[in-house]
Amino acid sequence: MSTVTDRRPVADGGTPLPVSLKQARLPRWTPPVLALVAAGAGCGIGLGAGLDSTVQWGLIAVLIFILGTFALAAGVEGTRQAKDRLATSLVWIAFLLAVVPLASLLWETVARGSKVLDGYFLSHSMGTLPDAMPGGGIYHAIIGTLEQVGLATLIAAPLGLLTAIYLVEYGRGRLAKVVTFFVDVMTGIPSIVAGLFVLSVWILILGFGPSGFAGSMALAILMMPVVVRSTEEMLKLVPNELREASLALGVPKWRTILKVVLPTSIGGITTGVMLSIARITGETAPVLLLVWGAKTINNNPFEDAQQSLPLYVFQQWQQGSEASYDRAWAAALVLIAFVMILNLVARGIARWKAPRGGRS
Amino acid sequence: MNTASSITDTPPPPRNDEHSAVSGKAVRPGDRIFLGLSRGSGIALLVIMAAIAVFLTYRSVLAISGDKANFLTTLDWNATGLDPKFGIAVLAFGTVVSSVIAMVIAVPVAVGIALFISHYAPRKLSSPLGYIIDLLAAVPSIIYGLWGALFLVPHLSGFYSWLNDYLGWTGIFSYSQGAARSLFTVGILLAIMILPIVTSVSREVFLQVPKMHEEAALALGATRWEVIWMSVLPFGRSGVISASMLGLGRALGETMAVATVLSPSFLINTSLLDPGGGTFAQNIASKFSEADEFGQDALIASGLVLFVITLLVNGAARLIIARRKEYSGAAA
């Protein structure tokens, strides 16, 4: 106790001064006012120096705001508070910095893509239309994408599901560990490498030509680990009591899995499969190597080149004329809408089917 | 669960069958089939991985043995004709440089966004924001490429001229006017592409920081920044590292965005702002259409190198994550 009283600030007469626990703070309206001042100063300096890029005006304003906040806070509140305010500004700037390109990406796609997107565009193929001419459509690409992604899902979803069941329900010992490790490794395979693998086996060694099916094999390789991972997570969430109750009733293990475990986790599993479908729908590289792209409708995914939406975007971009740029943006808009809708529906299912807490 | 594992390990001999119903160790045919199916698909996955490694290596050996120049150091890619000469020096340089630029830009910004979402944003905003970031991670790479080529490239030449005026003397940032289809642009685009994934993994980690740590720091009178600096960042460091490595793995293997934005050439250009260079994936995509069978083998060889690099990077990331799991398991 005595040390505390000793340290109290003491006036000349020896009577202790009242201690304030409050620290000097800048008033709450400081940041917005400072922001206005900085914006004004930025515009002023920009106009005065004759800088024609408004981006530079903005940068000057931001710089003034950051330095001003730091200086004011350091003067009034002390260095620690000033650092805190500096960090807050930087975090906000990082956020805004990231929003700008991502918002611009979405905006450009919607604005430029809606120019030629209509019923005709969705229901016609390119046919024999010269690339520099306006017109044409993406019907053949939509057919191709649906077939390739569908086939890939048919291959990857059962394999991935069964692998996940093996890992969660049966997996003990070395095999399970090795499989887990290689699922992780597989997640990181670049899409073009998956394409090269199928190219080397299916086309170079076995001598088949390009086809939608070749593409879907590569897509399946990319999809499988994602399905395994998400399904595994979901199966682990199923309470063990459910399994034990079923086994205790004498139900065989396989029927327990099919009738108890899977129905409990079906919502999450569906979400995982849909998210992985959304992921492979946008893959271009393997399709470029294995499906090649066609200008006309090919309904048979097992023979001859097909088209797919992402590849269509790439090839139209390569043509380099105004008309083909328009088509590329429109196809990109369709692709992005498809992927986003899949994502939203998948997450909706996850939320709708999520086990509700507090009922058991 | 116990009975199941004993079944998988030692199937009872057939002579026990009549007692099996009593002893409860029956292997019903349904069980056997189901186990066989699920184990079989696990093994199929391993077989696919092995096949990828074997076939890529096989075709690569064919290509490299036909290469008349050093595969590692040659600055050229001419895989046709009687005198094929090709090497990965330029590709390795371009891949590493563009990914490093992407990491330098993306990681600090992503950590900033993750902190914003987890600690700075108003509580009501933070979960929708995380949701939006996850959605952005799903945008296909070709769309980033299209946007990069038709929107980003025209808007960067002004910035590059400015860099050239002030930093041109370094040689790295010199810029001779022209379309900004350079490695630096690729780096910026890759940074934008990997932002969502790095952000969402980092955010997850930041949200897991024990509340007690933060409250203890606050109770000692720390400012918000000091709380983050002293309790959030140290806890989240390994998570941020592994998130960045996952992002790096993506940046290394990215194909279409690079192929649309970069104007490639087989020269190592010290100026990052001028067009030129190339990456493994981009080179495969752009050279594929004109390659004959041997040319495709050569591309497969470069793909194998890319495969090995990404395996190493991803493996390192997984190791860090696995180690961290042990920590937090012990702490919780």
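In what follows, every heavy atom counts, from backbone to side chain, and hydrogens, waters and symmetry copies are set aside. Chain A is the first sequence line, chain B the second, and so forth, proteins listed ahead of strands; every chain is numbered from 1. Remember, it's a predicted structure, so these values are computed and weren't measured experimentally.
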Q | Toward chain A, the part of B:Leu311 with a non-hydrogen atom under 4.5 Å | A | side chain
(Q) Tell me which of these, B:Leu195, B:Ile43, B:Val109, has more heavy-atom pairs under 4.5 Å with chain A than the rest. (A) B:Val109
Q. Side chain, backbone, both or neither: which part of A:Trp292 has a non-hydrogen atom closer than 4.5 Å to chain B?
A. side chain
Q. Quick one: what part of B:Leu46 sits under 4.5 Å from any heavy atom of chain A, side chain, backbone, both or neither?
A. side chain
Q. Which answer fits B:Trp162, side chain, backbone, both or neither, if we ask what part of it has an atom under 4.5 Å from a heavy atom of chain A?
A. side chain
Between side-chain atoms of residues 79-87 of chain A and protein atoms elsewhere (two or more places apart, or another chain), which donor-acceptor pairs fall under 3.5 Å?
unit_1  : atom_1 : unit_2   : atom_2 : d
A:Arg80 : NE     : B:Glu226 : OE1    : 3.3
A:Arg80 : NE     : B:Glu226 : OE2    : 2.8
A:Arg80 : NH2    : B:Gly221 : O      : 2.9
A:Arg80 : NH2    : B:Glu226 : OE1    : 2.8
A:Gln81 : OE1    : A:Arg25  : NH1    : 3.4
A:Asp84 : OD1    : B:Trp225 : N      : 2.8
A:Arg85 : NE     : A:Glu77  : OE1    : 3.1
A:Arg85 : NH2    : A:Glu77  : OE2    : 3.2

Q) Above 12 or not: heavy atoms from other molecules or residues under 6.0 Å from CZ of B:Phe294? A) yes
Q: Taking all non-hydrogen atoms of both residues into account, name the closest pair between B:Gly247 and B:Ile194 and its distance.
A: O-CG2, 3.5 Å
Q. Heavy-atom distance under 4.5 Å to chain B: side chain of A:Leu90, backbone, both or neither?
A. neither
Q | Residue selection (most heavy-atom pairs with chain B, distance under 4.5 Å) from A:Leu175, A:Leu275, A:Leu342 | A | A:Leu175
Q. Of all of B:Pro140, B:Pro108, B:Ser41, B:Ala114, which one pairs up most often with chain A through heavy atoms under 4.5 Å apart?
A. B:Ser41
**Q.** Heavy-atom contact with chain A under 4.5 Å, split by part of B:Leu129
**A.** side chain
Q.
As an exercise: rank A:Asn343, A:Val339, A:Leu159, A:Asp184 by heavy-atom pairs under 4.5 Å with chain B and give me the winner.
A. A:Asp184
Q: Using non-hydrogen atoms and a 4.5 Å limit, figure out which bit of B:Ala51 sits close to chain A: side chain, backbone, both or neither.
A: both
Q. Under a 4.5 Å heavy-atom cut-off, does chain B meet the side chain of A:Met186, its backbone, both or neither?
A. both
(Q) Give me the atom names and distance for the closest heavy-atom approach of A:Leu235 to A:Arg243. (A) O-NH2, 3.1 Å
Q.
Counting heavy-atom pairs under 4.5 Å with chain A, which one of B:Asp297, B:Asn314, B:Ile192, B:Ile143 comes out on top?
A. B:Ile143
Q. Checking heavy atoms, do the side chain of A:Thr284, its backbone, both or neither come under 4.5 Å from chain B?
A. both
Q: Counting only heavy atoms closer than 4.5 Å, note whether A:Val198 contacts chain B via side chain, backbone, both or neither.
A: neither
Q. What part of A:Leu106 is in contact with chain B, defined as an atom under 4.5 angstrom from a non-hydrogen atom: side chain, backbone, both or neither?
A. side chain
Q | Over all atoms of both residues, closest heavy-atom pair of B:Ser302 and B:Phe280 | A | O-CD2, 3.6 Å
**Q.** Heavy-atom contact with chain B under 4.5 Å, split by part of A:Thr187
**A.** side chain
**Q.** Structural part of B:Ala44 lying under 4.5 Å from a heavy atom of chain A
**A.** side chain
Q | Value rounded to 0.5 Å, distance of CG in A:Asn240 from CG in A:Leu247 | A | 9.5 Å
Q) What's the shortest heavy-atom distance between B:Gly148 and B:Leu189, and which atoms? A) CA-CD1, 4.1 Å
Q) What residues form a side chain to side chain donor-acceptor pair (under 3.5 Å) with B:Glu293, not counting sequence neighbours? A) B:Arg59
Q | Atom group of B:Thr260 that falls short of 4.5 Å from chain A, counting heavy atoms | A | both
Q) What part of B:Thr255 lies closer than 4.5 angstrom to a heavy atom of chain A: side chain, backbone, both or neither? A) side chain
Q | Interchain contact, B:Phe159 with chain A, by part (heavy-atom threshold 4.5 Å) | A | neither
Q: Look at A:Arg255 together with B:Asp31 and state whether they make a salt bridge at an N to O cut-off of under 4.0 Å.
A: no
Q. What pair of heavy atoms forms the shortest contact from B:Phe34 to A:Tyr170, and how long is it?
A. CD2-OH, 3.5 Å
Q: Give, as side chain, backbone, both or neither, the part of B:Phe307 having an atom under 4.5 angstrom from any heavy atom of chain A.
A: both
Q. Is it the side chain or the backbone of A:Leu161 that comes within 4.5 Å of chain B heavy atoms, both, or neither?
A. neither
Q) Taking A:Glu283, A:Arg347, A:Met224 one by one, which has the highest count of heavy-atom pairs under 4.5 Å against chain B? A) A:Arg347
Q: Identify which part of A:Leu311 has an atom lying under 4.5 Å from any heavy atom of chain B, answering side chain, backbone, both or neither.
A: neither
(Q) For B:Tyr58, which atoms come within 4.5 Å of any heavy atom of chain A: side chain, backbone, both, or neither? (A) side chain
**Q.** Residue among B:Leu56, B:Thr223, B:Leu152, B:Val111 with most heavy-atom pairs under 4.5 Å to chain A
**A.** B:Thr223
(Q) Would you say that A:Leu344 contacts B:Leu135 through its side chain, given a criterion of any heavy-atom pair below 4.5 Å between the two side chains? (A) yes
Q) Hey, which of A:Pro101, A:Pro225, A:Ala164 has the most heavy atom pairs under 4.5 Å with chain B? A) A:Pro101
**Q.** For chain A, the option from B:Ile113, B:Ile52, B:Ile133 that forms the most heavy-atom pairs under 4.5 Å
**A.** B:Ile52
Q: Considering only heavy atoms and a distance below 4.5 Å, find which of A:Leu204, A:Leu288, A:Val99 pairs most often with chain B.
A: A:Leu204
Q. Where does B:Phe116 contact chain A at under 4.5 Å (heavy atoms): side chain, backbone, both or neither?
A. both
Q) Quick one: of A:Pro158, A:Gly160, A:Ala94, A:Gly282, who has the most non-hydrogen atom pairs under 4.5 Å with chain B? A) A:Ala94
**Q.** Pairs of heavy atoms under 4.5 Å with chain A: top-ranked of B:Ile132, B:Ile300, B:Leu146
**A.** B:Leu146
